Colleague: 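Quick one: the structure is below, and I'll ask about it shortly.
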2 protein chains.
Amino acid sequence: MLRADAQDNRDRVLDAARALFAERGLGVTMREIARRAGVGPATLYRRFPTRQALVDEAFADELRACERIVEDGCSDPDPWRGFRTVVEELTVLNSRNRGFVDAFMSANPHADAFVAHRAALLRRLVALGVRAQAVDGLRRDYELDDLLLVLMAGRGLASAPSQDRTAAARRFATLAVDALRASDTNAPLPRGASLSTYVLSSAGI
Amino acid sequence: MLRADAQDNRDRVLDAARALFAERGLGVTMREIARRAGVGPATLYRRFPTRQALVDEAFADELRACERIVEDGCSDPDPWRGFRTVVEELTVLNSRNRGFVDAFMSANPHADAFVAHRAALLRRLVALGVRAQAVDGLRRDYELDDLLLVLMAGRGLASAPSQDRTAAARRFATLAVDALRASDTNAPLPRGASLSTYVLSSAGI
DNA sequence: ACGTTAGTGGACGCACCCGTCCACTTGGTC
DNA sequence: GACCAAGTGGACGGGTGCGTCCACTAACGT
């Protein structure tokens, strides 16, 4: 059990970290987080010995939100609608939080808490994709890489001015869905994505 | 006229800068470029007093390539085909060079050589877009922002393993083109992009 | 109320980058 | 071959972030 003041400081550090990660990405310094939280560096390091420990904790909520989005999408009786919802929601989530996609995508094998979650999430997304293809919603030549690209692109949105970031994210998601929709005007996709093998080589998919 | 050995060093510095910018983005330090070129810091600073001067020079070729792509696209008698080509070629260009999009997008008003070129390029892209819409190739609700998003997304490709980066870029570009193609299955795009006003507020478009 | 001990902020040593300066080297010229 | 100015590498002071240490503070149990 933590002493009351320590608990308080811990919370303030987490709040500061979340705010800074969201608005400026994972690049912010530990010092800066400590300053924003109004504590000294020692306090920060005592609670979170490594940057990764702080990142893991700071994004735990986001990760849960992310899992919930995927879960909801997967349990939609119409898999194509579920897929579209997932794309849209994840894009909005990303656009709000600059650090989260970074943390999620660059998760380091054996180094942090994201790896296992990521593997599980992506496995479910693959399954959802297959089902969405089966009902002729999602284009036949879709692969997981294409979704990853869309999510990575969403990162760019997080540097837009904050006022209408969500609106921009929804617009972008709509575009992405149109790109992935099965249609007889679709140009055939050339082979050649490799992002997922790169991102997932560690995750055992 | 530069002394022979000085010219030699200058060339080596530029080569090193190009290589490092391409593979690691604009974040590399001046020191590191100097080390890679096998010269001291003083030599680097003598030739390129500021980082921006080096960036400008290092990307001059890329910038020309970029302009040529847009020019070719604009002079295509079929504007929609021209537009598609531009998307594809620019995406490939981006995927090859991690630093270029950064330099191009984050160009600082009054601070570097990219601003004027950027404004001119984007103006031409706007015009091409309008023409591509007129022939029912490009979707009606397209805006410049959508293209910028695609290009930003392409940056993500530059961190993929290098072997098939180009293939991945072409695949992604094909997806993007499908997203932007006019079709009766297009979902209506919600309003709300704002990237271009953000990127271009300084460029006088 | 008071002692104990977890908790704390600030200071420290280290490493890195920055941009500049200076004494030496060396290419080009006579 | 000898001169000399352009050219050079390395060293320097200033700044910042890192992770750790330590003497003080104050929360909690009695």
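Chain letters run A, B, ... following the sequence lines, proteins first, then strands; residues in each count from 1. Computed from a predicted model, the values in this text were never measured in an experiment. When reading the values below, keep in mind they use all heavy atoms of this one structure, side chains included, and skip hydrogens, waters and symmetry mates.
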Colleague: Could you walk me through whether B:S183 and B:R139 pass side-chain hydrogen bond (donor to acceptor under 3.5 Å, both in side chains), step by step?
Modeller: CA-CA 7 Å; B:S183 154; B:R139 61 192 295 164; over 6 Å; no

Colleague: Which of the following nucleotides, C:dC21, C:dC18, D:dT8, is nearest to the side chain of B:Y45?
Modeller: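 Within the option list, the nearest is C:dC18.
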
Colleague: Please evaluate the base of C:dG19 for a donor-acceptor partner in the side chain of B:R31 within a cut-off of under 3.5 Å?
Modeller: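 Under the 3.5 Å cut-off, the side chain and the base do form a donor-acceptor pair.
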
Colleague: Between A:R64 and A:E71, is there a salt bridge with N-O shorter than 4.0 Å?
Modeller: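 Salt bridge: no.
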
Colleague: Measure from the side-chain heavy atoms of A:R3 and tell me the nearest of D:dA27, C:dT20, D:dG17.
Modeller: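 For A:R3, the side-chain atoms sit closest to D:dA27.
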
Colleague: Can you check the B:R46 CZ to D:dA6 C1' distance for me, whole Å?
Modeller: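 Spelled out: CZ on B:R46 to C1' on D:dA6 is 7 Å.
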
Colleague: Look at the side chain of A:T29 and decide which nucleotide, out of D:dG7, C:dG7, D:dG17, has an atom nearest to it.
Modeller: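 Given the options D:dG7, C:dG7, D:dG17, the side chain of A:T29 is closest to D:dG17.
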
Colleague: Can A:R181 and A:D178 be counted as an ion pair, charged N to O under 4.0 angstrom?
Modeller: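 A:D178 and A:R181: salt-bridged.
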
Colleague: Which residue, A:E32 or A:L2, contacts DNA chain D at a nucleotide closer to its 5' end, judged by nearest heavy atom?
Modeller: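 With A:E32 and A:L2 compared, the 5'-side residue is A:E32.
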
Colleague: Taking CG from B:D8 and P from C:dT25, how many angstroms apart are they, rounded to a whole number?
Modeller: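 Taking atom P of C:dT25 as the reference, CG of B:D8 is at 21 Å.
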
Colleague: Please report, rounded to the nearest Å, how far the P atom of C:dA6 is from the CZ atom of A:R10.
Modeller: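 Rounding to the nearest Å, CZ of A:R10 and P of C:dA6 are 18 Å apart.
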
Colleague: Determine the contact category for A:A4: base if any of its heavy atoms lies under 4.0 Å from a base atom, sugar-phosphate if only primed atoms, P, OP1 or OP2 are that close, otherwise nothing.
Modeller: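 Sugar-phosphate contact only.
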
Colleague: May I ask you to say what A:A6 touches in the nucleic acid, namely base, sugar-phosphate or nothing, with a heavy-atom cut-off under 4.0 Å?
Modeller: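 If one applies the 4.0 Å heavy-atom cut-off, A:A6 turns out to touch the sugar-phosphate alone, with no base involved.
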
Colleague: Report the distance from atom CD of B:Q7 to atom C1' of D:dT8, rounded to the nearest whole Å.
Modeller: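 So the two atoms are 16 Å apart, to the nearest Å.
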
Colleague: So, A:R47 side chain and A:A6 main chain: donor-acceptor pair closer than 3.5 Å or not?
Modeller: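 Not confirmed, A:R47 side chain does not pair with A:A6 backbone.
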
Colleague: On the nucleotide C:dG7, are OP1 or OP2 found under 4.0 Å from the side-chain N or O atoms that A:T43 carries?
Modeller: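 It does not, given that no N or O in the side chain of A:T43 lies less than 4.0 Å from OP1 or OP2 of C:dG7.
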
Colleague: CG of A:L44 versus P of C:dG9: gap in Å, rounded?
Modeller: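 Atom-to-atom, A:L44 to C:dG9, this comes out as 10 Å.
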
Colleague: Starting from P on C:dG19, measure out to CD1 on B:I33 and report it in whole angstrom.
Modeller: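 From B:I33 CD1 to C:dG19 P: 11 Å.
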
Colleague: Report yes if a side-chain nitrogen or oxygen of B:N9 is closer than 4.0 Å to either non-bridging phosphate oxygen (OP1 or OP2) of D:dT8; otherwise report no.
Modeller: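 The answer is yes; a side-chain N or O of B:N9 sits under 4.0 Å from OP1 or OP2.
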
Colleague: How many whole angstroms separate atom CG of A:D5 from atom P of C:dT5?
Modeller: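 It is 17 Å, rounded to the nearest whole Å.
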
Colleague: Using a heavy-atom cut-off of 4.0 Å across all strands, would you classify A:G27 as base, sugar-phosphate, or nothing?
Modeller: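 No contact.
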
Colleague: Could you check whether B:R47 gets within reach of a base, just the sugar-phosphate, or nothing at all, counting any heavy atom under 4.0 Å?
Modeller: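 The residue B:R47 makes sugar-phosphate contact but no base contact.
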
Colleague: Rounded to whole angstrom units, what separation is found between the CZ atom of B:R51 and the P atom of C:dC17?
Modeller: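 Rounding to the nearest Å, CZ of B:R51 and P of C:dC17 are 11 Å apart.
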
Colleague: Does the distance from a Lys or Arg side-chain N to an Asp or Glu carboxylate O, for B:R171 and A:D146, drop under 4.0 Å?
Modeller: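 Judged by the 4.0 Å cut-off on N to carboxylate O distance, B:R171 and A:D146 do form a salt bridge.
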
Colleague: Quick one: which of D:dT20, C:dG27, C:dT20 gets closest to the side chain of B:P41?
Modeller: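 From the listed options, C:dT20 comes nearest.
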
